[in-house]
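Computation of the quantities below employed the complete heavy-atom set of this structure, encompassing side-chain atoms and omitting hydrogens, waters and symmetry-equivalent molecules. The first residue of the sequence shown is numbered 1, and numbering continues consecutively from there.
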Amino acid sequence: QVQLVESGGGLVQTGGSLRLSCAASGRTFSTYVMGWFRQAPGKEREFVAAISWRGGITNHADSVKGRFTISRDNAKNTVDLQMNSLKPEDTAVYYCAGRQFGGITTTPEQYSYWGQGTQVTVSS
């Protein structure tokens, strides 16, 4: 099992940047596909980005492509989400998720482990 703890959320103006980080416990972090999802009030949880075990393959949602970048450091057991050019519609609670083995997927139900979430608010 792995336990996930997000950090780095906050309030930022339109066009600003934030870097979210997810710290994972456990010795098998490098066997997990990691993803970031977000959920805005009244909306379903949606895929943001995912990264393969070794970091060689990434997938970003069309809505964030070119603005957000997912990365991981298996030596530090962390996965980060660099968010640039933020927009008000990026406002949501952001969740880190882990899926042991398997490939990258955008479906939240296929991730077994979740963090508690971190709030990102982008003011207009």
Side-chain angles (χ1 to χ4, degrees):
Q1 289 191 353
V2 64
Q3 292 184 328
L4 306 173
V5 179
E6 303 97 334
S7 62
L11 174 64
V12 64
Q13 291 185 335
T14 297
S17 297
L18 281 174
R19 188 176 184 89
L20 305 183
S21 187
C22 175
S25 64
R27 301 178 182 178
T28 60
F29 176 73
S30 61
T31 65
Y32 284 77
V33 167
M34 298 301 297
W36 284 96
F37 292 79
R38 66 187 181 187
Q39 188 166 19
K43 295 188 177 182
E44 293 187 353
R45 191 166 297 189
E46 67 170 350
F47 170 77
V48 175
I51 189 166
S52 61
W53 306 349
R54 296 183 179 180
I57 301 172
T58 62
N59 186 10
H60 296 78
D62 288 343
S63 59
V64 306
K65 202 166 291 184
R67 301 188 298 122
F68 292 11
T69 303
I70 189 171
S71 62
R72 69 187 296 162
D73 186 335
N74 285 345
K76 297 181 179 179
N77 279 16
T78 58
V79 58
D80 292 348
L81 184 68
Q82 177 66 44
M83 305 187 296
N84 299 328
S85 302
L86 283 160
K87 305 175 182 179
E89 50 264 44
D90 294 319
T91 295
V93 177
Y94 283 70
Y95 297 90
C96 175
R99 177 179 189 234
Q100 193 171 23
F101 306 122
I104 286 180
T105 175
T106 64
T107 306
E109 290 79 8
Q110 294 186 1
Y111 289 79
S112 301
Y113 304 98
W114 292 85
Q116 82 288 351
T118 186
Q119 176 70 46
V120 171
T121 302
V122 184
S123 63
S124 57

Check your understanding: Quick check: are there more than 12 heavy atoms from other residues, nucleotides or ligands sitting under 6.0 Å from NZ of Lys65?
Key -> yes
Review point. Taking side chain as C-beta onward, heavy atoms only, is Leu81 less than 4.5 Å from Thr69?
Key: no
Check your understanding: Between the main-chain N or O of Ile70 and the side-chain N or O of His60, is there a donor-acceptor pair closer than 3.5 Å?
Key -> yes
Practice item. May I ask you to check whether over 12 heavy atoms, not counting those of Leu11, lie within 6.0 Å of atom CG? Key: yes
Practice item. Check whether any side-chain heavy atom of Arg45 lies under 4.5 Å from a side-chain heavy atom of Arg38, and answer yes or no. Key: no
Review point. Is it true that Asp90 and Lys87 have a side-chain N and a carboxylate O under 4.0 angstrom from each other?
Key: no
Review point. Residues in side-chain contact (heavy atoms from CB on, under 4.5 Å) with Ser85, at least two apart?
Key: Arg67
Check your understanding: Under 3.5 Å, side chain of Glu6 to main-chain N/O of Cys22, donor-acceptor pair present?
Key -> no
Check your understanding: Is the backbone N or O of Trp53 less than 3.5 Å from a side-chain atom of Asn74, with the two atoms forming a donor-acceptor pair by type?
Key -> yes
Practice item. Would you please test Asn84 and Leu86 for side-chain contact (heavy atoms from CB on, under 4.5 Å) and show each step? Key: CA-CA 5 Å; Asn84 299 328; Leu86 283 160; over 6 Å; no
Check your understanding: With no hydrogens and no angle check, is any side-chain donor or acceptor of Gln82 less than 3.5 Å from a backbone partner on Phe68?
Key -> no
Check your understanding: From Gln3 CD over to Asn77 CG, what is the distance, rounded to the nearest 0.5 angstrom?
Key -> 12.5 Å
Exercise for review: Could you walk me through whether Trp36 and Phe47 pass the ring pair (Phe, Tyr, Trp, His ring centres under 6.0 Å) test, one step at a time?
Suggested key: CA-CA 7 Å; Trp36 284 96; Phe47 170 77; over 10 Å; no
Point to revise | Flag side-chain contact, heavy atom, 4.5 Å: Tyr113 against Arg99 | key: no
Study note, to complete from the structure: Looking only at heavy atoms, the pair that brings Thr14 and Ser124 closest together is OG1-CA, 3.4 Å
**Study point:** Close side-chain approach of Pro108 and Gln39, heavy atoms under 4.5 Å
**Key:** no
**Study point:** Closest heavy-atom pair and its distance - Thr91, Gln119
**Key:** CG2-NE2, 4.0 Å
**Study point:** Contact list for residues 102-112, test side-chain hydrogen bond (donor to acceptor under 3.5 Å, both in side chains), sequence neighbours left out
**Key:** Thr105-Gln110
**Study point:** Main-chain N/O of Gly9 paired with Thr118 side-chain donor or acceptor, under 3.5 Å
**Key:** yes
**Study point:** For Ser71 against Arg19, the heavy-atom pair lying closest together
**Key:** OG-NH2, 3.7 Å
Exercise for review: Determine whether more than 12 heavy atoms belonging to other residues, nucleotides or ligands lie under 6.0 Å from atom CD of Gln116.
Suggested key: yes
Check your understanding: Partners of Arg72 by salt bridge (charged side-chain N to carboxylate O under 4.0 Å, His left out), sequence neighbours excluded?
Key -> none
Point to revise | Worked check of side-chain hydrogen bond (donor to acceptor under 3.5 Å, both in side chains) between Asp80 and Ser21 | key: CA-CA 4 Å; Asp80 292 348; Ser21 187; 2.8 Å; yes
